[in-house]
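Structure record follows, encoded as structure tokens.
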Amino acid sequence: MTERPSTPLLDRVRVPAEMKGLSDRQLRQLADELRAETISAVSETGGHLGAGLGVVELTVALHAVFDAPRDRLIWDVSHQAYPHKILTGRRDRIRTIRQKDGLSGFTKRSESPYDPFGAAHSSTSISAALGFAAARDLGGAPEHGIGDAIAVIGDGALSAGMAYEAMNNAGHLGKRLIVILNDNEMSIAPPVGAMSSYLSRLYAGAPFQDFKAAAKGAVGMLPPPFQAGAKRAKDLLKHMTVGGTLFQELGFKYIGPIDGHDMEQLLPVLRTVRERAHGPVLIHVSTTKGKGYRPAEHASDGGHATAKFDPATGEQKKAASNAPAYTKVFARSLMQEAEDDPRITAVTAAMPGGTGLDLFAERFPERCFDVGIAEQHAVTFCAGMAAGGMRPFAALYSTFLQRGYDQVVHDVAIQRLPVRFAIDRAGLVGADGATHAGSFDIAYLANLPGFTVMAAADEAELVHMVATAARHDAGPIAFRFPRGEGAGVEMPERGAPLEIGKGRMIRDGSGVAILSFGTRLSEVMTACEALEARGIRPTVADARFAKPLDEALILDLAARHDALITIEEGAVGGFGSHVAHLLAEKGVFDTGLKYRSMVLPDIFIDQASPADMYSVAGMNAPDIEAKVLDVLGVARMGARRA
């Protein structure tokens, strides 16, 4: 095992209160040790690296100046909070992060009082911090009390409208609120849009943009050494665009940009704001993602997320692939369709690499759009393109599509616009845990009139579903697929459009039929092997469609078997519920059919490997085998004999 770094000062700091007696020089040393410990820990576990390294000095400065947990420190997204966790009593568990029974990769209220608000999706921090400020001023008295409310939000997260909604409201209310804009010019992918350009322009001109804020009367917010210089610079700047104008118009006092890696700037600014702030204040901090670790600084994504790696070289330790990843299969299939159809476009919300659209963008740059962290806009943007005669694909993770649901209903479904939704990370996703699970899309899409909803059972089926969606102009259509590698099946040279609403038979049997929707099919087939050893041969079918249902297939299975079991990688209310509704309306239950539906349980499942998470859900091959035995009464007879 790689030798862990020497951290004599960090070893003395178990909680932030133990930082209060440290000198500024010691705080700089603490930051260096904290960076080394973060690199060491993530090298052993994998996880988010670059974002945390970019805020090491800011994390130390915030905890040194403010009084958490009474002061509520809220990290937007919170993938950058590993250093925060190390400083807040969790260092002894940091090497369990994102693992089963370990620390979450994000802030989590149930994990620590130093995590006052959980996160994992972006752009929520200012709203939450403003809520704490309002509760404080209304006399709210939770455990530890409420002092200052501090939101740390990245420049990428400012591309989402919710951040502006919160800032507009904060400016109107005028409550004391501190927002730290962590501007690293990179979220996961480089940020896009006018806001990114605006922030970049704030760096032009004088070395300290505090002077520009001074030109608008914010001199009193600056530490005394800065005030004199700011006044001297006022005349030089009077003909220049005032930095922070946008934020000031929203009602915030603006300070910045300042160097987020220079403790000699961070500490006095934060101390002054703590002592003197009235109303909402925005501190604009410039940082470098991956700071202090050369392999991360030189990575195209700033070392955003990494597998386990050699800390000396940065070389990642990835297992060899046995089958193509679903995301790459989707991207290559879409590129193949786009070669023949100039109407095909692709849209991502700040996840070009995660959705595979970085590959599409290289081949078709004029037809690929990264709209930033703005799922609502992404959906309606696609709706507009569809109305304009294009064939747009909205490539979004299931969990992030939730953020654009009103647009899915109002702008797409009601108008029957043929937007194609490529839903990645369907089902349980592993180390990112409950916040990133794709549990609900089957239910929230299949209940919409005119929507077609598909799920790929394997990577070959995904190729066919991309082809199906590309040619479907009768209304909105969605297809879902999981994270990770495919099943290793033989791949078609080209996708063939599927007949809408038609499933496929996998094998004939007797007694019990299993109707699978999605990639649990491979677990179903494994369960069938074990059942055959008991003399039980289930019929197996792949539904392909949750909407429209293949009614003929379902009713035939019901007529020919004593029992029918459905299985899907989604919550109750989805595919199985639609099947049950069909069977009830057709009177099938009146004739004695035994019916069971295997869905995700009514809990949020914490991070673990996908296999472990599906074990908790009761949806792996042994669970399917047990369900078949139970519905046939075999397990109960065995239990009675015992």
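In this text the structure is predicted, and so the values were computed from the model without any measurement. Here, residue 1 is the first one in the sequence, and each next residue gets the next number.
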Are [X] and [Y] ion-paired here, with the side-chain N under 4.0 Å from a carboxylate O?
| X | Y | result |
| --- | --- | --- |
| R363 | D358 | no |
| R504 | D542 | yes |
| D473 | R416 | no |
| R391 | D341 | yes |

How about [X] and [Y]: does a side-chain donor come under 3.5 Å of a side-chain acceptor?
| X | Y | answer |
| --- | --- | --- |
| S40 | R95 | yes |
| T399 | H121 | yes |
| D424 | T327 | yes |
| S609 | D612 | yes |
| D183 | S286 | no |

Heavy-atom check, side chain of [X] versus side chain of [Y], under 4.5 Å:
| X | Y | answer |
| --- | --- | --- |
| Y82 | L49 | no |
| E485 | Y326 | no |
| M465 | F330 | no |
| K289 | L53 | no |

Ring centre gap for [X] and [Y] strictly below 6.0 Å:
| X | Y | value |
| --- | --- | --- |
| F364 | F360 | yes |
| H436 | F106 | yes |
| Y444 | Y405 | yes |

Is a donor on one side and an acceptor on the other found under 3.5 Å between the side chain of H48 and the backbone of G105? no
Given 3.5 Å as the limit, does a donor-acceptor pair link the side chain of Q80 with the main chain of S78, or not? yes
For [X] and [Y], work out which heavy atoms get closest and say how close.
| X | Y | answer |
| --- | --- | --- |
| L549 | H578 | CD1-O, 3.5 Å |
| L445 | F451 | O-CB, 3.7 Å |
| I97 | S104 | CG1-O, 3.4 Å |

Just do the side chain to side chain contact (heavy atoms under 4.5 Å, CB included) check on T96 and T45 with the steps written out, would you? CA-CA 7 Å; T96 70; T45 64; over 6 Å; no
